[in-house]
Number of protein chains: 2
Amino acid sequence: MDLVLLTIRQGALHVLLIRRGIPPFTGQWALPGGFVLDGEGLDAAAARELHEETGLLPGHLEQLATYGDPGRDPRGRVFAVAYLALLPDLPVPVAGSDAAAASWQPLPIAGLAFDHDAILADGLERARSKLEYSPLATAFCPPEFTIAELREVYETVWRTRLDPRNFHRKVTGAAGFVEPTGETVIRDRGRPAQLFRRGSATLLHPALLRPGSSSQLTPMVTDSEDHVAEREVTE
Amino acid sequence: MDLVLLTIRQGALHVLLIRRGIPPFTGQWALPGGFVLDGEGLDAAAARELHEETGLLPGHLEQLATYGDPGRDPRGRVFAVAYLALLPDLPVPVAGSDAAAASWQPLPIAGLAFDHDAILADGLERARSKLEYSPLATAFCPPEFTIAELREVYETVWRTRLDPRNFHRKVTGAAGFVEPTGETVIRDRGRPAQLFRRGSATLLHPALLRPGSSSQLTPMVTDSEDHVAEREVTE
DNA sequence: CGTCGTTGTCGTCATCATGACGATAAAGCA
DNA sequence: TGCTTTATCGTCATGATGACGACAACGACG
């Protein structure tokens with residue numbers, strides 16, 4: 001089991017990585033992971049490991065895909081179920097017991113152990129597309145946030161710039177996406193902004209599409225259809 | 001590994017099932033499945049088993065999700081990677097070597113062995129949503145088809161009725177979805193229809209949304225996020 | 001205290017995609 | 001020659017969106 005834990009720190013997307021302390025790939029960065037315990041479901045195992053690594057309860061956690069290409073792990077055939085979690089900015093993560101070190105690394109990053117580059121890429125793409133049709137961006141935010149902060153999430157994850165006025169209209173207009181708390185705050189400069197909480201909706205309609213993602217026709221991308229097998233090593 | 005093989009026969013969606021010849025769940029219907037061989041990737045294993053069951057090469061095949069709830073298989077803890085395939089109508093499937101019988105069963109159907117009801121439901125929902133934002137519906141069609149036949153695919157999978165004129169406009173207007181062969185055929189009655197081939201696009205933009213799927217706000221659904229663990233038995 | 005820069009929020013407008021639906025074309029059949 | 005059926009084109013009103021103007025409400029600075 002591998003975890004792709006994403007968060008936004010200082011305006012940049014970060015992923016939680018551990019530095020491997022044992023072979024293979026000693027000294028290289030890798031996704032945090034572990035084993036599924038007896039009597040434990042996959043979702044439960046992912047939630048447990050997320051808690052072990054970050055001390056957090058699962059805000060948003062979903063199964064990403066399973067990787068099982070032969071040759072992925074030099075020690076033999078191993079299958080890995082990958083999970084994706086989106087987290088608000090949080091304190092320094094607690095280093096896992098079996099990892100030499102754990103830390104948030106800014107994206108993009110490459111050169112990870114095993115096939116973790118590919119898993120990370122899949123997780124990233126999943127996160128990007130989920131922002132389009134779900135109110136999931138709030139998972140990156142604290143309980144209360146401003147529309148501008150929510151917009152920064154989109155801009156950071158999509159590496160794009162959105163029009164503040166149209167974004168405001170879209171987000172506040174979509175039922176169940178966010179709901180006002182009634183309070184206002186002054187973040188930095190300028191006019192005070194309203195505070196919002198995440199709404200109850202779990203689906204966003206109509207979708208909030210990435211600019212340029214479309215034109216008329218379409219390039220290529222097929223979700224998990226083009227996943228390549230992957231290996232699971234465990235520390 | 002479990003396979004959710006879907007096809008359309010006589011205007012109804014069908015899934016390929018096998019009748020179990022050995023315990024547990026002897027005599028019950030189950031999804032076809034098998035093991036991943038040494039040196040074989042997950043995608044390759046799914047393609048091989050698809051070929052073994054149907055004699056077909058993978059038209060469209062994608063990883064669905066992995067199930068691993070404890071208690072799923074009475075014989076012990078087993079993980080199952082599920083794959084989804086969409087196939088055109090084809091001759092009677094070849095019975096698998098380890099299955100008492102294999103046949104196409106019309107949906108809806110319930111009472112499958114293990115947690116296959118849940119896997120099937122996930123596969124169905126995946127297929128339904130994929131029709132929205134990908135030109136995947138052509139995977140249910142023969143190489144050449146009419147717009148009406150393509151529309152029947154949507155209507156069958158979505159259990160809905162679509163306006164022929166708007167559908168025609170949408171499909172022929174989306175670049176790369178379908179391309180005319182230049183020929184026409186008379187299917188049943190009425191004016192001859194143009195024949196089309198699937199286009200090169202792999203993504204459909206803008207999406208072709210299910211009627212009623214939206215209104216303004218949104219109910220709930222989160223892809224693979226709410227999957228429940230599942231078990232894998234093998235014949 | 002007035003002005004400026006900055007940020008939040010509301011409004012307007014043209015464009016595009018869509019649902020509803022009329023109209024015509026091209027076949028078979030009575 | 002109608003009549004029925006299916007395919008395909010066209011029209012219209014509506015809703016969502018991108019571009020962008022305008023105003024509001026704060027701090028900072030003179």
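A, B, ... follow the sequence lines: proteins, then strands. Residue 1 opens every chain.
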**Request:** Identify which nucleotide among D/dA19, C/dA27, C/dT18 has an atom closest to any side-chain atom of B/Ile186, counting heavy atoms from C-beta outward.
**Result:** C/dA27

**Request:** Indicate yes or no: does B/Glu125 engage B/Arg210 in a salt bridge with an N to O separation below 4.0 Å.
**Result:** yes

**Complete:** From the candidates D/dG27, D/dC12, C/dT9, the one with an atom nearest any side-chain atom of A/Pro164 is C/dT9

**Asked** Whole Å only: how far is the CG atom of A/Leu162 from the P atom of D/dT17?
**Response** 12 Å

**Item:** Given D/dT8, D/dA25, C/dG19, the nucleotide with the shortest approach to the side chain of B/Arg191
**Value:** D/dT8

**Asked** Do you see a donor-acceptor pair shorter than 3.5 Å between the side chains of B/Tyr67 and B/Asp122?
**Response** yes

**Request:** Step through it carefully: locate the ring centre of B/Phe167, locate the ring centre of B/Tyr154, and say whether they are under 6.0 Å apart.
**Result:** yes

**Asked** Where the side chain of B/Arg165 is concerned, which of D/dA7, C/dA20, D/dG10 is the nearest nucleotide?
**Response** D/dG10

**Message:** Of the listed nucleotides (C/dG8, C/dC21, D/dG18), which one gets closest to any side-chain atom of A/Arg151?
**Reply:** C/dG8

**Asked** Side chain of A/His168: nearest nucleotide among C/dC10, D/dA25, D/dA7?
**Response** C/dC10

**Separation of C/dT18 P from B/Phe167 CZ (nearest whole Å)** = 12 Å

**Request:** Could you tell me whether the side chains of B/His60 and B/Glu62 share a donor-acceptor contact shorter than 3.5 Å?
**Result:** yes

**Item:** B/Lys170 vs C/dT18: side-chain N/O to OP1/OP2 distance below 4.0 Å
**Value:** yes

**Prompt:** Can you find a donor-acceptor N/O pair under 3.5 angstrom joining the side chain of B/Arg169 to the base of C/dG19?
**Reply:** yes

**Message:** It should be established whether A/Arg189 places a side-chain nitrogen or oxygen under 4.0 Å from OP1 or OP2 of nucleotide C/dT7.
**Reply:** yes

